[in-house]
Amino acid sequence: MNNAPDSPWTPDPQLLAAFFDGELEGRGDLADLRARLEGWLEAHPQAADEGTKHQQLHKLWLETAPAEPSAATWTQTLDRIDAKRQQPITIPASKRPWLTVGIVAASIALFVGLLFGALRSMLPTAVKNDPLVVAPKVRPAAEPEVFPVATADEVTIRLIEGADIGTLVVGELPVSGPLELAAPGEVFVFHATGADVHQQGSRPPMIWARLETD
Amino acid sequence: MAVGTAPLAVSDEALLQQAVAGDRDSLDELFLRYRLVAYRVAHRLLGNEADALDAVQDAFVKALVHLPSFQGRSSFKTWMLRVVSNAALDLGRQRGRREILSMDAMGPTYREECEPLIHPEPTRELEREDLRRKLHEALAQLPPAQRQTFVLHAEAELSYREVAETLGISIGTVMSRLYYARQRLRVLLEPWIKPHE
């Protein structure tokens, strides 16, 4: 009674299929497993049905083996192989990642350029075309200077001469309009009250705003 | 009088090296050795002769052009079968919308070119062709990985270990794929699977 063949062990269906495929044949290291499977199959005749289905599918497979091409077809195929292997290799675009990356990068650069151009064209003309400050021509600034700005109350115009009639000292902040620096000798400070006048050497910096004339 | 000697069997690897160097005879020999198994695997995956031959051609060209990818870690046969089965799957994907061509659709030219290994009676051959088509339709319903695994095992008669080596997968994965492929094929082909006579 203790030797009853109904052991609790049941082979995995995939292992059983491997057995039917002959994968356990001739394998010394799997001899025990093979013997165990054979014993289990003897004790479970209904499992033999699985083996039968296995063989039926295999039989159908063999019956439908593809017909072999003609000798002439083989020769043509071999000739094509021989011809193709002598052709230079052309790598399709999908196999050239560097080319793809290049194309994408170029596309992005083009897009950004077009976007920048479009935004620039949308800016007001005055802002777009005219510099806010014209740098002095003869004195490249090593570092930006901070100019003190006088208010209208601090400046009294005493004299404007000749060509400077079209210019006027800034009256109120913020300064607007095209600006330019006065040249040495164009500005003279006669009197200053309540403000520090910075003057270095003979070239006092001063921002002028061109008078709107129309 | 010259005494004939049996030609020494040249290894696949040596033939491949010589074929790559431009030796046509070596290419002929290599092609002769593996064309049929490669063709049958491709045919099972694609379902018709023309596509199968294209896959075989692609595989041999790749073998000759991309020799460095064959590093001798596997046999030439398993390497070739991996290349041809992958080529067949790629080709199948590219031509996915193409109808499965039947022998009738291919016309008499195709019939004339085919030289069946056995010449059965016409009625029997029609029945066989019908079965072939049903089997191909059933195979086409399997996931590509299962299909490839099953065809390499059933058609190329590779062992589990060889299939695993060919596809770069574990033997456990091979067992699993084969098991589920068979289960599915049995259901799909039930009307055509005959009990033992």
Side-chain angles (χ1 to χ4, degrees), chain A residues 11-27 29-30 33-34 37 47-92 94-95, chain B residues 19-20 22 24 27-28 31-32 35-36 39-40 42-44 47-49 52-54 56-58 60-61 63-66 112-117 125 127-129 131-136 153-155 159-161 171-172 174-176 178-180 182-183 185-186 189 192-196:
Chain A
D12 184 274
Q14 294 178 20
L15 178 63
L16 203 56
F19 175 79
F20 293 135
D21 276 333
E23 285 290 316
L24 307 187
E25 297 294 326
R27 295 279 304 271
D29 55 331
L30 299 176
L33 180 61
R34 190 172 64 246
L37 270 169
D49 185 46
E50 187 66 20
T52 304
K53 288 178 181 172
H54 204 92
Q55 290 170 8
Q56 286 169 348
L57 183 60
H58 184 61
K59 186 166 178 282
L60 177 66
W61 187 267
L62 294 178
E63 282 178 352
T64 55
E68 185 177 0
S70 66
T73 304
W74 280 133
T75 304
Q76 287 167 9
T77 305
L78 183 57
D79 288 343
R80 283 200 301 269
I81 292 168
D82 201 21
K84 271 206 157 190
R85 68 158 173 171
Q86 293 171 20
Q87 290 174 357
I89 302 169
T90 54
I91 305 171
S94 59
K95 299 286 177 65
Chain B
V20 168
R24 173 67 192 237
L27 175 62
D28 288 359
F31 186 66
L32 191 61
R35 67 182 187 186
L36 188 56
Y39 168 77
R40 284 186 159 185
H43 196 293
R44 290 290 195 183
N48 67 80
E49 186 191 65
L53 286 170
D54 282 349
V56 170
Q57 177 185 310
D58 286 353
F60 271 91
V61 171
L64 295 169
V65 173
H66 302 291
E112 286 164 12
E113 284 182 0
C114 287
E115 292 177 357
L117 300 177
E125 178 55 24
E127 187 184 340
R128 187 193 302 268
E129 188 46 43
L131 270 179
R132 202 175 284 153
R133 196 173 63 249
K134 297 291 182 194
L135 182 56
H136 179 69
H153 173 66
E155 191 60 54
S159 68
Y160 285 20
R161 185 179 296 278
I171 291 179
V174 174
M175 289 174 72
S176 171
L178 288 179
Y179 176 76
Y180 289 109
R182 278 201 184 94
Q183 296 294 108
L185 288 176
R186 277 184 200 164
L189 296 169
W192 295 278
I193 293 179
K194 296 174 189 171
H196 279 301

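Every heavy atom of this structure was used, including side-chain atoms; hydrogens, water molecules and symmetry mates were not.
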Give a yes or no on whether a salt bridge exists between A:Arg80 and B:Asp58, defined as a side-chain N under 4.0 angstrom from a carboxylate O.
no
Say you draw a straight line from CZ of B:Arg35 to CD of A:Glu68; how long is it, rounded to the nearest 0.5 Å?
6.0 Å
Smallest separation among heavy atoms of A:Ala17 and B:Arg182, with atom names
CB-NH1, 4.3 Å
Where A:Ile81 and B:Phe31 come nearest, the two heavy atoms and their spacing
CD1-CE1, 3.6 Å
Of the backbone (N, CA, C, O) and the side chain (C-beta and beyond), which part of A:His54 lies under 4.5 Å from a heavy atom of chain B, both, or neither?
both
Looking at B:Tyr160 and A:Ala18, what are the two nearest heavy atoms and their distance?
OH-CA, 3.3 Å
Report which part of A:Asp12 has an atom under 4.5 Å of a heavy atom belonging to chain B: side chain, backbone, both, or neither.
neither
Under a 4.5 Å heavy-atom cutoff, which of A:Asp82, A:Thr77, A:Leu78 has the most pairs with chain B?
A:Leu78
Does a salt bridge link B:Arg186 with A:Glu50, judged by any charged N lying under 4.0 Å from a carboxylate O?
yes
Assess, by modelled atom type and distance only, whether the side chains of A:Thr64 and B:Arg44 contain a donor and an acceptor separated by less than 3.5 Å.
yes
Give the C-alpha distance, both sets of side-chain angles, the deciding distance and a yes or no for side-chain contact (heavy atoms from CB on, under 4.5 Å) between A:Glu63 and B:Glu127.
CA-CA 10 Å; A:Glu63 282 178 352; B:Glu127 187 184 340; over 6 Å; no
For the backbone of A:Trp74 and the side chain of B:Tyr39, can you confirm whether one donor and one acceptor N or O come within less than 3.5 Å of each other?
no
Between A:Gln14 and chain B, which part of the residue has a heavy atom less than 4.5 Å away: side chain, backbone, both or neither?
both
Over 12 non-hydrogen atoms of neighbours within 6.0 angstrom of CZ in B:Arg24
yes
Determine, step by step, whether B:Glu155 and A:Leu62 satisfy the side-chain contact (heavy atoms from CB on, under 4.5 Å) criterion, reporting the C-alpha distance in whole Å, the side-chain angles of both residues, the deciding distance to 0.1 Å, and the verdict.
CA-CA 8 Å; B:Glu155 191 60 54; A:Leu62 294 178; over 6 Å; no
Heavy atoms of A:Ala65 and B:Arg40 approach each other most closely as CB-NH2, 4.1 Å
Engaged part of B:Val20 at the chain A interface, taking heavy atoms whose separation is under 4.5 Å
backbone
List the steps and the verdict of side-chain contact (heavy atoms from CB on, under 4.5 Å) for A:Lys59 and B:Ile193.
CA-CA 9 Å; A:Lys59 186 166 178 282; B:Ile193 293 179; over 6 Å; no
Quick check on B:Leu64 against chain A: is it the side chain, the backbone, both or neither that has a heavy atom closer than 4.5 Å?
side chain
